[in-house]
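Computed over heavy atoms, backbone and side chain alike; hydrogens, waters and symmetry mates excluded. Every chain is numbered from 1 and lettered A, B, ... according to where its sequence line falls, protein lines coming before strand lines.
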2 protein chains.
Amino acid sequence: MNKRITIYDLAKMLNVSPGTVSRSLNDHPSISKKTKERVIAKANELGYKSNKFAANLSKQQTNTIGIIVPKLDSYFMSSMLAGIEKTVNEAGYNLIISQSLESMEKEKLNAATLFSSSVDAILVSLAYDTSSFEHFTPFIQHNIPLLFLDRVHHIPNCATLIIDNRLAGEEATEHLIQQGCKNLLYIGGNPQRNVYSDRFKGFKDAHLKNNFTVDASYYLESDLSRDSIGMIVAHLKSTNRKIDGLFVASDTFAAHLIKALVQGGYKVPEDLKIIGFNNDPVSELVTPTLSTIDYPGYEMGVLAGQSVISQLKGSINFKLANTITLRHQLIIRESTLNNK
Amino acid sequence: MNKRITIYDLAKMLNVSPGTVSRSLNDHPSISKKTKERVIAKANELGYKSNKFAANLSKQQTNTIGIIVPKLDSYFMSSMLAGIEKTVNEAGYNLIISQSLESMEKEKLNAATLFSSSVDAILVSLAYDTSSFEHFTPFIQHNIPLLFLDRVHHIPNCATLIIDNRLAGEEATEHLIQQGCKNLLYIGGNPQRNVYSDRFKGFKDAHLKNNFTVDASYYLESDLSRDSIGMIVAHLKSTNRKIDGLFVASDTFAAHLIKALVQGGYKVPEDLKIIGFNNDPVSELVTPTLSTIDYPGYEMGVLAGQSVISQLKGSINFKLANTITLRHQLIIRESTLNNK
DNA sequence: TCCTCTTACGCAACCGATTGCATAAAAAAT
DNA sequence: ATTTTTTATGCAATCGGTTGCGTAAGAGGA
């Protein structure tokens, strides 16, 4: 096992001081070109790698960014992470990823770990059941940038990155109405999460605009897991209102639902039109193909990375620019179309 | 911004030495219960968090594990990562995730970064075009556990975690043959990657067992990206061998292919049977549903995490137990079925 | 040639925790 | 009461870089 070589080794071999080696390696202006070259040449020759922990310790910054996501195994999350990882990596940061597994308790633990790992910044997409936010105060107290994305909570001086879920919900609903649906139902997750409640707001707004009645019973709360498909189908069958349009807050759930409904004898879109959310790849593969709202996960990740980095570099004042809203887009496919 | 408090602060306030504080906090046996309690109480009172970098620097270990994956936005990858993250996290480790984006150059960079981040161990799933492996030698030289998973390369003393791709390929092919296919084609990625070449080996073995002829032209190499669907369809139309069975090394690709073929007038499974690989959620959603090989990403992640941790803790001698092979399972769905 | 101003580098403190070794205090043994 | 053993703590070096400050050597000017 080769001993890892340090600036002291280099210094000794080159007959200079460790300080000079350090400065050379960091391209400090007060070192002559000649010396720099000698040092760098030797460093390469010996395969010198700086010890990040020593560097972090003295520089008091870690070049790591932490992120807490609910779960990573969805297309949306993983493409968002892909975008974040790529962006922060190019800026020289490492990304520590942790999952709350949709549990506030785990989220607290993760936050504590990341805090004690001295991340330079932290990104958070909230767990399903998170209802208090004190676990983020250490970051705020220590002025560590905290950015919420997608599943957000507004805390003063914390940036948030979202799409306009209300508007997207309105557009989706409006589309269903234009396709002739009269009796709509919204299927979403925990309304404490902005993504679900805001979409329902849009759903309501579209109703009001079209002089349709709407009340809380139009919000069918579900954990959007595959196991709940059966309950939803049962609900649709048993309800006295004859539902002819469904706005589902998740494409994968919508896709499974379509499959189940078709097997259960429903005709989609003839009997029942369905629109999803996210533009997950499955929406193109299911039959009928699923109309949806395109929700740019990767771009969101890139933007999140960029904004957190510019925050770290101090090049943007986030006290001012506090909320970034990304574009979204209605995508019409077969599951909401009349003709054919 | 509260100054972060250190063991020196605690030491001063409690009139003990920093060493005592450190030992108390680490539950060192040679500290009296009374002192420990005093220290811990004070630490909690002031919200003391140990500075990991200082600790890492002196302990020479970081409690982080690095992983390089080709891309993280596939269901398989993200569930594998979910499994790894959960496991190593429970063991007190952080996970630094980086993507090679299927490029060897990026993989080299990532390896260098992780090395200089002093990860305690590294997990790797190789990029599409990785053809040399010197970028891993620093880890080996420094005795840092290196575990390959899924897309592996055999290096002495490095553990690998795989499924039996050859056997899985044989089973998939055998199934097609049993369903009456006479003219098979295998669509896979770069044969430098074990996952693709081994499946083809199984494909060949099944042919030989059934006294079918097979040669290299039965391997259609593709990058398995969506853009290549058109080329594949063209190939199927133009080839003089009338293909009636397709073994595709990726479910998502197979799903898109089914969609394209059906649109192009093919009947699946009547004209052409298709079997995929991975048991991606999409395989149940596409019409016809896709037969496939179940490939347990999450479990693979858990196992990878466990084995790397036991390696770090020294509880398993990996010089002996070098390759772990996971179970896989043939899953038969509509895309390969005759009746109906 | 002597003086001033740069330039290039060395010195040493510092970041915050860990840990081997020494030792004072307390407990046990004689 | 004295010595030995045990227990609990302190001291100080160490991990590997970074950085403010001081200064010798070299460049430039008079």
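A close approach under 4.0 Å does occur between a side-chain nitrogen or oxygen of Thr35(A) and OP1 or OP2 of dC9(C). For dC11(C), neither phosphate oxygen OP1 nor OP2 lies less than 4.0 angstrom from any side-chain nitrogen or oxygen of Ser17(A). Remark: Ser58(B) is not in phosphate contact with dT18(C), judged by side-chain N or O atoms under 4.0 Å from OP1 or OP2. For the pair Gln60(B) and dT14(D), the criterion of a side-chain N or O lying under 4.0 Å from OP1 or OP2 is not met. For Asn56(A) and dC15(C), the shortest distance from a side-chain N or O to OP1 or OP2 is not below 4.0 Å. Between Thr20(B) and dG10(D), a side-chain N or O to OP1/OP2 separation shorter than 4.0 Å is present. At least one side-chain nitrogen or oxygen of Tyr48(A) sits closer than 4.0 Å to the OP1 or OP2 atom of dG17(D).
Mapped onto DNA chain D by nearest heavy atom, Val16(B) and Leu57(B) fall at different nucleotides, with Val16(B) at the one closer to the 5' end. Of the residues near DNA chain D, Lys36(B) and Asn26(A), the one whose nearest nucleotide (by heavy atom distance) lies more toward the 5' end is Lys36(B).
Looking at Arg23(B), its side chain comes within 3.5 Å of the base of dG10(D) through a donor and an acceptor atom.
Below 30°, between 30° and 60°, or above 60°: for Phe133(A) and His135(A) the angle between ring planes is below 30°, a parallel geometry.
The side chain of Tyr8(B) lies closest to dG16(C), out of dG16(C), dA8(D), dC9(C). Here the nucleotide nearest the side chain of Ser32(B), chosen from dC9(C), dG16(D), dT9(D), is dT9(D).
Note: CG (Leu10(B)) to P (dA17(C)) measures 8 Å, nearest angstrom. For the pair Glu37(B) CD and dA8(D) C1', the computed distance is 15 Å after rounding to whole Å. Ile7(A) places its CD1 atom 12 Å from the P atom of dG10(C), with the value rounded to the nearest Å. Spacing between atom NZ of Lys52(A) and atom P of dT18(D) amounts to 12 Å, rounded to whole angstrom units. As a whole-Å value, the separation of Asn51(B) CG from dG16(D) P is 16 Å. Separating the CG atom of Asp27(B) from the C1' atom of dA8(D) is a distance of 15 Å, rounded to the nearest angstrom. His28(B) has its NE2 atom 15 Å from the C1' atom of dA17(C), to the nearest Å. Distance, Lys12(A) NZ to dG17(D) P: 13 Å, rounded to whole Å.
Counting only N and O atoms by type, the side chains of Ser17(A) and Thr20(A) include a donor and acceptor under 3.5 Å apart.
Residue contacts for Ser22(B): at a heavy-atom cut-off of 4.0 Å it reaches a base atom on one of the strands shown. Within the 4.0 angstrom heavy-atom criterion, base atoms lie near Ser30(B). Using a 4.0 Å heavy-atom distance criterion, Phe53(B) is classed as making no nucleic acid contact. Residue contacts for Lys33(A): at a heavy-atom cut-off of 4.0 Å it reaches no nucleic acid atom on any strand shown. Among the heavy atoms of the strands lying under 4.0 Å from Asn15(B) are primed sugar atoms or P, OP1, OP2 only; no base atom is included.
Crowding of Lys36(A) atom NZ: a count of heavy atoms from other residues, nucleotides or ligands under 6.0 Å exceeding 12.
Summarising the geometry of Arg151(B) relative to Arg193(B), their closest heavy-atom pair is NE-CD, 3.8 Å, with the distance given to 0.1 Å. Nearest heavy atom pair, residue Tyr48(A) against residue Ile5(A), reads CD1-O, 3.2 Å.
Scored by the salt bridge (Lys or Arg N to Asp or Glu O under 4.0 Å) test, Glu45(B) finds Lys42(B) as partners (sequence neighbours excluded).
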